[in-house]
Amino acid sequence: MDYFAGEYDVGVIGAGHAGIEAGLASARLGCKTAVFTINMDAVGNCPCNPSIGGTAKGHLVREIDALGGEMGKTADQCFLQMRMLNRGKGPAVHSLRAQIDRRKYSDVMKHKLELQDNLHLRQAEIVDIYPQDDFWILKSRMNGLYRVKAVVIATGTYLGGRIFVGEVSYESGPDGMFPATFLGKSLKKLGLPLRRFKTGTPARVLKSSIDYSELEVQKGDEPPVPFSYDTEDLGENKVDCFISWTNDNTKKIILDNIHRSPLYSGKIEGVGPRYCPSLEDKIVRFKDKPRHQLFIEPCGLNTEEMYLQGMSSSLPEEVQLKFYHTIKGLENAVIMRPAYAIEYDCVDPIAMNATLEFKDFPGLYGAGQFNGSSGYEEAAAQGLVAGINAALKVLGKEPMILDRAGSYIGTLIDDLVTKGANEPYRMMTSRSEYRLILRQDNADERLTSIGRKIGLISDKRWGKFLNKQELKKQEINRLKKTVIPPTDELNKILVSRETSEVTTGVRLIDLMKRPQLGYESLKTVDKERPNIDPNIFEQVEVEIKYEGYISKQLHQVEQMRKLESKKLPSDADYSEIKGLRLEAREKLNKIKPVSVGQASRISGVSPADVSVLLIWLAQKNGRE
């Protein structure tokens with residue numbers, strides 16, 4: 001009889017951004033949970049950017065927070081600088097980004113895991129995993145056995161990790177940590193479809209070795225805006241960031257040494273991220289571009305390390321030093337940590353359902369970079385969903401499935417499990433068909449009720465949300481009822497904003513509909529404006545100005561959800577359905593979509609194939 005070092009409802013392998021959210025969600029839903037990590041000093045590590053959020057990623061962080069996750073709260077606690085990106089563009093693409101103190105972020109997250117009821121944080125490398133009866137058995141490198149009812153694999157870039165710097169390569173996890181060398185063999189033996197991806201990170205340089213005199217300063221927003229709907233007092237920005245550019249000399253050094261890059265010498269087998277390429281990749285792929293931008297960013301208040309965003313490389317260290325020294329401000333830069341590429345094992349996400357549970361392995365879930373995605377935010381979003389669904393399965397409850405029309409998290413997961421990932425998947429606003437209704441400002445409106453239903457939103461948070469919704473409703477009613485008289489003051493504002501004057505009283509809501517006007521420009525004539533959360537004003541203004549477009553997207557959502565409601569049988573043999581093209585039959589049999597809606601998004605399934613499926617389903621349901 002086996003002796004178990006621990007028995008749990010849910011076991012989470014990995015304590016990066018995915019593993020943290022999975023473990024906390026599972027424990028908070030009442031499941032006895034273990035989070036296993038190779039090194040407890042690397043919990044919540046940020047081996048690449050010392051930042052949270054960014055274009056589309058900020059949307060994910062807000063959604064994680066709205067569901068009851070932890071990333072947004074911790075980013076607020078550890079922020080150094082906050083900026084809302086894309087303010088010059090439409091509201092659909094406004095995205096919050098926080099420069100964070102990476103060591104503080106790691107410490108705060110570790111402590112939250114340690115303090116969480118129902119959760120044990122354990123330093124143990126899991127080397128083997130196999131099913132036994134109705135459980136999963138996890139074996140550590142120390143020969144400890146753990147019996148769990150459900151498992152979330154969140155191995156990040158550790159699984160089969162290998163570092164590349166020029167001609168040098170060796171087995172390693174990120175930041176010089178041990179890799180997970182043995183678990184990959186166990187997962188292959190189990191039958192999971194693994195493949196190799198790669199990513200990279202820039203060098204860190206000594207703060208005092210940088211010349212800031214000619215660098216462009218990038219300041220944070222004042223006042224800074226928080227990620228979490230729970231954060232009330234964020235405080236002030238603490239640091240500046242800086243911008244510089246590469247030049248022809250940088251380009252020449254890289255091209256002269258390109259044969260020494262493992263990416264071009266053939267040593268790296270893994271597929272890299274298209275939307276976050278190395279500097280040598282940029283130079284080769286965009287030969288006509290005279291320069292490339294880089295951001296010089298602090299890693300924390302208690303470190304002298306500065307991060308060179310946009311300068312990822314796998315060239316030899318002496319070559320890195322040469323091309324860094326060609327860049328304005330970095331002429332005398334001292335490298336503290338060289339840039340490197342890392343190759344790792346991940347799984348084909350098509351093997352999973354939208355719950356992130358593997359189709360052929362009940363109780364086994366995947367999350368984060370293990371699923372073929374890139375980025376801390378994408379990882380945390382998947383970890384939250386996997387942890388929630390693992391817990392719900394153990395508790396015998398219905399799973400949580402987020403659709404594309406309700407969240408970027410739903411879009412992310414649907415893309416992964418329906419289309420797969422031939423390269424590290426990065427979230428972008430362009431990936432959503434419904435981005436005008438999936439804004440970062442209304443994430444709470446879209447998802448807090450789901451988090452509440454699951455059990456991750458407290459009574460206090462729920463009351464605060466309901467109060468905000470009531471204030472928003474009152475504000476819209478106020479705009480409809482308030483009539484502004486045609487005063488000289490009002491017409492002066494209208495003329496200055498290049499919009500037509502008024503000769504009679506005009507409702508405030510009609511003024512707000514004009515693209516040239518907004519809350520800020522009308523504040524002097526809007527005498528009865530209430531003192532409420534600025535986020536409410538932002539949401540109200542967007543919904544008023546984009547009412548027609550939002551209505552059109554809501555109609556599209558309604559049509560999409562009709563297709564989603566048409567469920568396909570899990571045992572369907574699509575090779576027997578007449579009228580389907582050969583490619584469609586193969587793809588449908590491989591992915592086994594749960595609905596006609598999901599089938600319509602599979603690459604290789606045409607609108608004609610969807611029509612065939614609808615007819616077949618109607619005939620089948622008619623016979624039953």
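Bear in mind the structure is a predicted one, so any value in this text is a computation, not a measurement.
- The number of heavy atoms from other shown groups lying within 6.0 Å of NZ (K359) is above 12.
- Classified by interplanar angle (parallel below 30°, tilted 30° to 60°, perpendicular above 60°), the ring pair Y8/F36 is perpendicular.
- For CD of E398, the number of neighbouring non-hydrogen atoms (other residues, nucleotides, ligands) closer than 6.0 Å is 12 at most.
- Tested against E343, the residues R195, R196, K198 include a single salt bridge (charged side-chain N to carboxylate O under 4.0 Å, His left out) partner, R196.
- The cationic atom of R452 (NZ for Lys, CZ for Arg) does not lie both less than 6.0 Å from the six-membered ring centre of F465 and within 45° of the ring axis.
- The CZ atom of R285 sits 8.5 Å away from the OG atom of S278 when rounded to the nearest 0.5 Å.
- Closest of all the heavy-atom pairs between A27 and D117 is CB-O, 3.4 Å.
- The side-chain contact (heavy atoms from CB on, under 4.5 Å) with L67 is formed by just one residue from the set I457, L456, D444, L402; it is L402.
- In this structure the side chain of F197 reaches within 4.5 angstrom of the side chain of Y344, judged on heavy atoms.
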Step-by-step salt bridge (Lys or Arg N to Asp or Glu O under 4.0 Å) determination, R102 to D175: CA-CA 13 Å; R102 74 184 284 256; D175 279 335; 2.9 Å; yes

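- Contact of the D128 side chain with the I137 side chain is not registered, since no non-hydrogen atoms from C-beta on lie closer than 4.5 Å.
- Nearest heavy-atom pair across A150 and V394 is CB-CG2, 4.0 Å.
- Note on E70 versus R28: salt bridge recorded, some NZ/NE/NH1/NH2 to OD/OE distance being below 4.0 Å.
- Looking only at side-chain heavy atoms (C-beta outward), N49 and R97 come within less than 4.5 Å of each other.
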Is there a side chain to side chain contact (heavy atoms under 4.5 Å, CB included) between S95 and H59? Walk through the geometry before answering. CA-CA 6 Å; S95 297; H59 291 66; 3.0 Å; yes

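- Between the CD atom of Q598 and the CD atom of E564 there is a distance of 7.5 Å, given to the nearest 0.5 Å.
- Counting non-hydrogen atoms of neighbouring residues, nucleotides and ligands closer than 6.0 angstrom, the NZ atom of K566 reaches no more than 12 such neighbours.
- Put simply, the side chain of L412 reaches to within 4.5 Å of the side chain of Y425, judged on heavy atoms.
- We find the CZ-CG distance between R62 and L438 to be 14.5 Å, quoted to the nearest 0.5 Å.
- Minimum heavy-atom separation, R601 to K419: O-CE, 3.6 Å.
- Shown here is D134, whose CG atom has no more than 12 heavy atoms of other residues, nucleotides or ligands within 6.0 Å.
- At least one side-chain heavy atom of K112 sits less than 4.5 Å from a side-chain heavy atom of K73.
- Classification of the Y574-W616 ring pair by plane angle, with boundaries at 30° and 60°, yields tilted.
- For R585, the CZ atom counts as densely surrounded, since its 6.0 Å shell holds more than 12 non-hydrogen atoms of other residues, nucleotides or ligands.
- Within 6.0 Å of the NZ atom in K397, the count of heavy atoms belonging to other residues, nucleotides or ligands does not exceed 12.
- Residues L568 and A599 come closest through the heavy atom pair CD1-CB, 4.2 Å.
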side-chain hydrogen bond (donor to acceptor under 3.5 Å, both in side chains) between S228 and D65, worked out: CA-CA 6 Å; S228 177; D65 185 73; 2.8 Å; yes

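- Around atom CZ of F361, more than 12 heavy atoms belonging to other residues, nucleotides or ligands sit under 6.0 Å away.
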Full working for side-chain hydrogen bond (donor to acceptor under 3.5 Å, both in side chains) between S606 and D609: CA-CA 5 Å; S606 70; D609 295 317; 3.0 Å; yes

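- Results of the side-chain contact (heavy atoms from CB on, under 4.5 Å) test with K139 over L145, I129, I126 single out L145 as the only residue that passes.
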Using the salt bridge (Lys or Arg N to Asp or Glu O under 4.0 Å) rule, take R404 and D415 through it: C-alpha gap first, then chi angles, then the decisive distance, then the call. CA-CA 9 Å; R404 300 181 70 87; D415 279 350; 2.8 Å; yes

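- At a threshold of 4.5 Å between non-hydrogen side-chain atoms, the residues Y434 and S407 do not count as touching.
- Using cut-offs of 30° and 60° on the angle between ring planes, the pair F370 and F358 is perpendicular.
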Going through the distances and angles, do S169 and R162 end up as a side-chain hydrogen bond (donor to acceptor under 3.5 Å, both in side chains)? CA-CA 7 Å; S169 77; R162 177 170 283 275; 3.2 Å; yes

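- With salt bridges taken as basic N to acidic carboxylate O contacts below 4.0 Å, one links K149 and D9.
- In terms of heavy-atom proximity, P47 sits nearest to P174 at CB-CB, 3.7 Å.
- By the 4.5 Å heavy-atom criterion applied to side chains, L613 and L617 are not counted as neighbours.
- Here the side chains of S106 and D41 are not in contact, with every heavy-atom distance at 4.5 Å or above.
- Separating the CG atom in L384 from the CD1 atom in I454 is a distance of 7.5 Å, to the nearest 0.5 Å.
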